[in-house]
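Take a look at the structure below.
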Amino acid sequence: MASIFRSDLLAGRVALVTGGGSGIGRGIAEAFVAHGARVGIVGRNAERLEGAAAAMGGSCLAAPADVRDPKAVEAALDAVTARFGPIDIVVNSAAGNFLAPAAALSPNGFRTVMDIDANGTFNVCRAAFDRSLRDRGGVVLNISATLHYAATPLQIHASAAKAAVDAITRTLAVEWGPLGVRVVGLAPGPIEGTEGMSRLSSDETRERVIAAIPLRRFGRIDEMAAAALFLVSEGASYVSGETLVADGAAWLGTSAQWMG
Ligand code: HXC
Ligand code: NAP
């Protein structure tokens, strides 16, 4: 999909994208670079991260870190700041997920997903606030999901984690708004060609899942990147505390079953 945005939309801006080495986070990082930003990408797998950064050219820096480790997060932010300058835009896309019935999920399994998604998001927001957002303002974009809007079986850990992420989005929007920081969220539906989709669906369930989506298809990474570009841009300058659902009306669509 050709971008509808000006190619210099993010010129002069510095962004940090966790989970930027793959999937939706990588798509967002690529879109930011294509629109003029310099971008640091964070993940645990340094080799994959370096590969993604190299593909994006000199405007992208790999900054390996586990978002569960506040010190490692701080070091990653410092590395990006040293290379590109203070960070204006933070995207929290790092997450962990798998299918597991609550009755079979170990406490450590639950904790691990909470730790990556919720604590990780807080750690990154907190470190970016100290380093630049407090003094310069900026935008935080938290990648959420719709799992917890109703209830999603086999997803108690990820649902609880994304509910926490949404609470972080709203709370920080209120606390940091007076300092010129917008905090927004993006809740994708099922996005084709991602790790998340491959973990949560199969060839067997594919047609059934599509039939329950009012737009009758999965979403695409470039569509999530376009939504992210809008949310971090001046076009969304009065949007804060809100999470944009980009899911083809999927979470509303259970009634689609009645339509045949
Ligand atoms: C049950 C599992 C499990 C599984 C791990 N665990 N996988 N339990 N079913 N399939 C348990 C382990 O047994 C362990 O508990 C605990 O979780 C921690 O596992 P580790 O492997 O030690 O964790 P770690 O190495 O930190 O890896 C984290 C991870 C892993 C989440 C488990 O899958 C990961 O790194 N994922 C990152 C990529 C990813 O998940 N991408 C998808 C994001 S998509 P015990 O008790 O044994 O110690 C997404 C979609 C949302 O979020 C919505 C879509 C619609
Ligand atoms: P993905 O490619 O697996 O993205 C997750 C990223 O997070 C990976 O790059 C991973 O890199 C990184 N990560 C995981 N644990 C980390 C940790 N502890 N520290 C640092 N980085 C970590 O999956 P995706 O499907 O594109 O998901 C991206 C985001 O979209 C997630 O927030 C997910 O919840 C959300 N989402 C996805 C869908 C979907 O359909 N795919 C739907 C709704 C919401 P490393 O392994 O290198 O650490």
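Since this is a predicted model, take the numbers as computed values, not measurements.
For the residue pair H35 and S7, no side-chain donor N or O sits within less than 3.5 Å of a side-chain acceptor on the partner. There is a side-chain donor-acceptor pair under 3.5 Å between T169 and N142.
With contacts defined as side-chain heavy-atom distances shorter than 4.5 Å, the pair I41/V39 qualifies. Taking 4.5 Å as the limit, every side-chain heavy atom of W176 sits out of range of all side-chain heavy atoms of S240. Using a 4.5 Å cut-off on side-chain heavy atoms (C-beta onward), V124 and L16 make contact. Using a 4.5 Å heavy-atom cutoff, the side chains of I213 and V209 are in contact. Two residues are said to be in side-chain contact when any heavy atoms from C-beta on lie closer than 4.5 Å; V165 and N92 fail this criterion. Considering only heavy atoms from C-beta on, R38 stays 4.5 Å or farther from R83 through its side chain. Two residues are said to be in side-chain contact when any heavy atoms from C-beta on lie closer than 4.5 Å; I143 and V91 meet this criterion.
In summary, D222 and R220 engage in a salt bridge, as defined by a charged side-chain N under 4.0 Å from a carboxylate O. The existence of a salt bridge linking E192 and R206 is confirmed by a sub-4.0 Å separation between a basic side-chain nitrogen and an acidic carboxylate oxygen. Note on R170 versus D166: no salt bridge recorded, every NZ/NE/NH1/NH2 to OD/OE distance being 4.0 Å or above.
Looking at every heavy atom in both residues, G25 comes nearest to V17 through O-CG1, 3.5 Å. Shown here for S144 and T243, the closest heavy-atom pair between the two residues is CB-CG2, 4.3 Å. Closest approach of A212 to P214, counting heavy atoms only: O-CD, 3.4 Å. For the pair M56 and G20, the tightest heavy-atom approach, listed with the atom from each and the gap, is CE-O, 4.2 Å. A pairwise comparison of heavy atoms in V113 and A161 identifies O-CB, 4.0 Å as the closest pair. Of all the heavy atoms in A37 and S59, the pair that sits closest is O-CB, 3.8 Å.
More than 12 heavy atoms of other shown residues, nucleotides or ligands fall within 6.0 angstrom of atom CZ in R131. For F129, the CZ atom sits in a packed shell: over 12 heavy atoms of surrounding residues, nucleotides or ligands are nearer than 6.0 Å. In the displayed structure, I221 atom CD1 is contacted under 6.0 Å by more than 12 heavy atoms of other residues, nucleotides or ligands. More than 12 heavy atoms of other residues, nucleotides or ligands lie within 6.0 Å of CD in E50, so this atom counts as buried by the packing criterion.
No donor-acceptor pair under 3.5 Å is formed between the side chain of K162 and the backbone N or O of D117. Judged by distance alone, the side chain of D115 and the main-chain N or O of R111 form no donor-acceptor pair under 3.5 Å. Counting only distance, with no hydrogens or angles, the side chain of D247 and the backbone of A250 share a donor-acceptor pair below 3.5 Å. With hydrogens and angles disregarded, a donor-acceptor distance shorter than 3.5 Å links the side chain of R199 to the backbone of N97. With T171 contributing its side chain and I168 its backbone, the two residues share no donor-acceptor pair below 3.5 Å. The closest donor-acceptor contact from the side chain of T194 to the backbone of G23 lies at 3.5 Å or more, if one exists at all. No donor-acceptor pair closer than 3.5 Å links the side chain of R217 to the backbone N or O of G248. Here the side chain of Q155 pairs a donor or acceptor atom with the backbone of F98 at under 3.5 angstrom. Although no hydrogens or angles enter the test, the distance criterion places no donor-acceptor pair under 3.5 Å between the side chain of D88 and the main chain of V139.
Hydrophobic clustering (ILVMFWY, side-chain heavy atoms < 4.5 Å, transitive): V140 and L231 are in distinct clusters.
Ring geometry for W251 versus Y149: interplanar angle over 60°, hence perpendicular rather than tilted (30 to 60°).
Rounded to the nearest 0.5 Å, atoms OG1 (T121) and CG (N119) are 9.0 Å apart.
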